[in-house]
Amino acid sequence: MVKPEKLIENGIRLDGRKPDEIRPIKIKVGVLNRADGSCYFEFGGNKVIAAVYGPREVHPRHQQKSTSAVVRYRYNMASFSVEERKRPGPDRRSIEVSKVSREALEPVIFQEYFPRSAIDIFVEVLQADAGTRTAGINAASIALADAGIPMRSLVSACAVGKIDDTLVLDLNKDEDNYGQADMPIAMTPDGKITLLQMDGHLTRDEFREGLEMAKKGCLEIAQLQRTALMEKYSPLIEGEVNE
C-alpha cells in the first residue's frame, strides 16, 4: 500500500468527508433467526454482524456468579475480511478487543437481574475498513436491545484521530494506517464514557476537542441505532395496541 501524499487537503479528506463527519451507516435489526437478538451494521467499508444469546445457563458452571449474570463477548475477524487472508482463530488483538468491548457494554446491562446465567455476545467482522471495534460495539448494543436484555441505555462508539495535524472523526483505513493518532471512544447518550483508548499523541487541548467531536459522532450514531430499533418494533407495538 502506498502512503498518500496528503490525507486532508483544503479541509476535505480523501474520501470527501469534512473533518467532523462520520462515514455512512446502514443498520438492520434481527437478521439471525436463531439468535435471541442480532444486528447487521455497516460503518463505511466495515461490515459487521452481532448476535446475542441469553440469558442462559453458564457453561462451564464454575464461571457463574451467584449475584449477577456473566457477560461474554467474542470478537472475530473473518479470514476474508481483510486484503491479505487472516489466519483463522483468536489472536492477541481479538482477545484484547473482546475484553475492552465487553467492558464498554457491561455498565449499561442490568446484570443483577439474571444471577447464575450468561449473556453471550458474538461479533463477526465480515469486511474490515478501520474502526471494527467501534462498529462491533454499535452492533452489539443494538443486538442486546433486540434480545430484550434490560439496559440502562444504548452504547455508541466511534473514533477520533489526527491526520496531517488536523483532528478528524471516524478514521478510514488510510487515515488509521498513516495518521498521527487514533482514539476509539464508546459512550452512552448522556455522555458517560465506557471505553477510551488512544494510540499516538494528542496535546491536552486536542484531547479535549477530540472528546467533543467524539460526543457529537456518538450522539449521531445513537440516533441511528434508536431509529433502527423503532423501525423494527414500532409496527409490532402498534399491531398489539390495535388488537
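Residue indices begin at 1 and follow the sequence shown.
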Backbone N/O of Asp165 and side chain of Gln180: donor-acceptor pair under 3.5 Å
yes
Is Leu126 reachable from Val123 through a run of I, L, V, M, F, W or Y residues, each pair having side-chain heavy atoms under 4.5 Å apart?
no
Inter-residue atom distance Leu229.CG - Glu231.CD, 0.5 Å rounding:
9.5 Å
Taking only residues two or more places apart in sequence, or in another chain, which ones meet Arg93 in a side chain to side chain donor-acceptor pair (under 3.5 Å)?
Tyr75, Thr132
Quick check against the 3.5 Å criterion: does Asn177 have a side-chain atom that pairs as donor or acceptor with the backbone of Asp174?
no
Pairing donors with acceptors under 3.5 angstrom, does anything connect the side chains of Glu96 and Gln197?
yes
Residues 145-161 side chain polar contacts: donor-acceptor under 3.5 Å, at least two apart:
residue : atom : partner : partner atom : Å
Asp146  : OD1  : Lys232  : NZ           : 2.8
Asp146  : OD1  : Tyr233  : OH           : 2.3
Asp146  : OD2  : Ser38   : N            : 3.0
Arg152  : NH1  : Pro107  : O            : 3.0
Arg152  : NH1  : Ile109  : O            : 3.4
Ser156  : OG   : Gln225  : OE1          : 2.6

Give a yes or no on whether a salt bridge exists between Lys216 and Glu212, defined as a side-chain N under 4.0 angstrom from a carboxylate O.
no
First locate atom CG of Asp15, then atom CD of Glu175, and finally report the distance between them rounded to the nearest 0.5 Å.
6.0 Å
Are Arg74 and Glu124 close enough for a salt bridge, meaning some N to O gap below 4.0 Å?
yes
Can you tell if the side chain of Leu105 reaches within under 4.5 Å of the side chain of Val71, non-hydrogen atoms only?
no
Just how far is it from atom CZ of Arg226 to atom CD1 of Ile27, taken to the nearest 0.5 Å?
13.0 Å
Residues Asp129 and Asn46: side-chain donor-acceptor under 3.5 angstrom:
no
Taking the basic N atoms (NZ, or NE/NH1/NH2) and the acidic carboxylate oxygens, is any pair closer than 4.0 Å for Glu57 and Arg61?
yes
Output for pair (Leu202 CG, Met183 CE), nearest 0.5 Å, gives 5.5 Å
Report yes if some heavy atom in the side chain of Tyr40 is under 4.5 Å from a heavy atom in the side chain of Val48; otherwise report no.
no
Do you see a donor-acceptor pair shorter than 3.5 Å between the side chains of Asp190 and Thr188?
yes
Answer yes when Asp205 and Arg208 have at least one side-chain N-carboxylate O distance shorter than 4.0 Å, and no when they do not.
yes
If we count only N and O atoms by modelled type, under 3.5 Å, do the side chains of Asn138 and Ser141 hold a donor and an acceptor together?
no
Over 60° means perpendicular and under 30° means parallel, so classify the ring planes of Tyr113 and Phe110, tilted if in between.
parallel
Under a 4.0 Å threshold between the charged nitrogen and the carboxylate oxygen, would Glu209 count as salt-bridged to Lys162?
no
Salt-bridge contact Asp120-Arg56 (side-chain N to carboxylate O under 4.0 Å):
yes
Pairwise distance CG(Leu169) to CG(Asp20) - rounded to 0.5 angstrom:
7.0 Å
